[in-house]
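This report refers to the structure that appears directly beneath it.
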Amino acid sequence: LTLAVVACAIPSFFSVFGIAYPDELPEPTVNLGLDLAGGSHILLEADPDEVAAQRLQNMEETVRTEMRNAEPEIRIGDVSTANDRLSFMLDDAGEIDRVREILTPIMNGTGPVREWELSVVDTSRVVLRPSAAALDNAVTQAMDSATDVVRRRIDELGTREPTIIRQGDTRIVVQVPGLQDPEQLKELLGQTAKLEFKMVDQEALPSDVAQGIAPPGSEIFPFSEDSGRAGTNIAVRRLGGIQGDSLTGAQASVDPQTNENIVAIQFDQQGTQRFAQLSTQNVGKNFAIILDGEVLSAPVFNEPIRGGSAQISGGFTADTANALAISLRSGALPVDLAIVEERTVSAELGADSIRSGLIAMGIGSLLVIVLMMATYGRFGVYATAALVVNVLMILGIMAALNTTLTLPGIAGFVLTIGAAVDANVLINERIREERKRGR
């Protein structure tokens with residue numbers, strides 16, 4: 001067992017000294033941390049107000065659907081999401097009890113805290129306010145999901161042992177050893193990858209849309225720079241449509257007909273059904289493909305799309321198409337993340353740290369070996385041999401588990417060299433005592 005673990009440490013020495021290691025052999029190595037290998041450090045921060053706004057929009061869509069599906073239908077109007085609350089007017093004030101009965105399970109949610117508070121104003125206006133505890137819980141869940149999405153995106157880059165941790169309530173620290181180009185990391189993490197398919201408002205006046213004025217029930221989105229219609233706006237229906245969270249796959253590809261870089265996407269079963277329903281009901285109408293608040297294109301449903309597959313085009317290069325595919329595969333960020341701090345550790349600084357650490361370890365080891373041999377002679381040789389095996393076994397276990405070595409880790413090795421012989425000192429002192437007694 002000792003020999004097997006020590007053998008795992010050998011490839012790491014090949015790597016440190018720049019010696020080619022045979023490709024035919026397994027290569028367990030110790031990964032170097034950011035302070036040794038160099039890399040990128042980025043601090044991301046989320047806006048909790050965005051989570052609250054998204055909850056209001058989702059609640060509005062739920063309320064409209066529930067009121068429409070009620071038997072008989074409950075007619076509502078004058079819907080507003082101003083002042084961080086959702087309010088709507090009932091055509092018939094006598095429907096208050098039915099509305100309360102329908103919305104109570106939705107307001108209670110599935111968590112440990114009540115998510116919404118319902119009140120009635122002027123006998124016919126229903127007001128829904130999110131509770132503070134539920135909002136805090138939603139922000140926590142959004143940040144946990146965002147951390148998972150960031151980790152999946154970085155894993156797609158093929159980097160090893162990134163450090164991704166929450167800092168406070170709304171921040172995420174990302175450290176990627178070996179990545180010297182922070183722009184690539186910023187582009188990947190800064191993209192929310194929130195994909196939406198929404199119907200274009202065909203009745204919107206072009207003059208109003210050009211001025212950014214949206215008709216009731218619609219909203220204005222700009223076209224992206226690579227769409228061919230940069231600088232113009234389009235009006236789309238605010239509610240309905242399909243969100244990108246229904247995706248099960250996304251791959252960068254090339255359209256064989258136009259030779260254009262595209263991203264091929266695949267919906268899950270529920271998304272396939274919704275996309276088929278949306279395309280069936282709107283044959284001959286335009287729908288907008290919206291990514292992170294910008295319209296990539298607004299094609300027409302020529303026929304119902306029932307296979308659950310679609311493609312996204314928007315003037316992509318091969319790299320941008322691949323980056324978008326990675327973002328879509330890893331999932332959309334539930335909240336926008338702004339980069340508030342970034343720095344890069346150069347590989348040269350890491351090489352200096354490794355060199356200084358090896359010198360410190362060499363000097364420390366030499367002093368311990370000289371002291372043990374000078375003091376205990378033959379028994380000092382035994383202690384030194386055990387010490388060397390001890391260090392090699394630690395390296396071998398770290399390599400086998402693909403753990404990360406940082407500068408404090410090197411300091412830990414130096415301390416281990418000094419502390420690992422303490423039991424040998426006690427044993428050898430006892431042996432010297434017994435030898436003085438003639439045994």
Side-chain angles (χ1 to χ4, degrees), residues 1-39 159-163 175 177-178 345 347 349-439:
L1 178 61
T2 301
L3 290 176
V5 175
V6 169
C8 291
I10 295 176
S12 298
F13 287 101
F14 277 76
S15 177
V16 169
F17 294 108
I19 304 174
Y21 188 76
D23 296 333
E24 298 79 12
L25 299 178
E27 190 177 356
T29 55
V30 177
N31 301 310
L32 299 181
L34 189 70
D35 51 358
L36 297 180
T159 53
R160 307 178 94 181
E161 296 296 329
T163 299
Q175 294 180 340
V345 179
L349 182 60
D352 290 341
S353 300
I354 295 176
R355 184 164 51 253
S356 299
L358 291 177
I359 292 174
M361 186 181 297
I363 294 175
S365 302
L366 182 62
L367 291 176
V368 170
I369 291 173
V370 170
L371 175 64
M372 293 299 292
M373 290 185 176
T375 305
Y376 301 114
R378 177 165 55 94
F379 294 100
V381 175
Y382 300 156
T384 298
L387 178 63
V388 172
V389 173
N390 180 24
V391 172
L392 291 176
M393 289 185 70
I394 294 176
L395 277 174
I397 293 173
M398 291 181 65
L401 298 178
N402 283 326
T403 54
T404 301
L405 178 65
T406 60
L407 193 57
I410 294 181
F413 268 105
V414 177
L415 291 175
T416 299
I417 292 171
V421 296
D422 58 351
N424 295 277
V425 170
L426 296 176
I427 294 171
N428 291 341
E429 286 294 332
R430 178 63 185 274
I431 290 175
R432 291 211 308 190
E433 291 176 0
E434 295 297 330
R435 292 182 64 187
K436 288 180 180 179
R437 297 174 184 174
R439 301 181 63 176

I'd like a table of donor-acceptor pairs (distance under 3.5 Å, sequence neighbours excluded) in which one partner is a side-chain atom from residues 412-429, with atom names and distances.
from	atom 1	to	atom 2	distance (Å)
Thr416	OG1	Gly412	O	2.7
Asn428	ND2	Asn424	O	3.2
Glu429	OE2	Tyr376	OH	2.7
Glu429	OE2	Arg432	NH2	3.4

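- Taking CG of Leu3 as the start and CE of Met393 as the end, the distance is 9.5 Å to the nearest 0.5 Å.
- Atom OG1 in Thr2 sits 10.5 Å away from atom CG in Asn390 (nearest 0.5 Å).
- Interatomic distance, Leu395 CG to Met398 CE, rounded to the nearest 0.5 Å: 7.0 Å.
- Contact record, Cys8 with Ala399: O-CB, 3.5 Å, taken as the closest heavy-atom pair.
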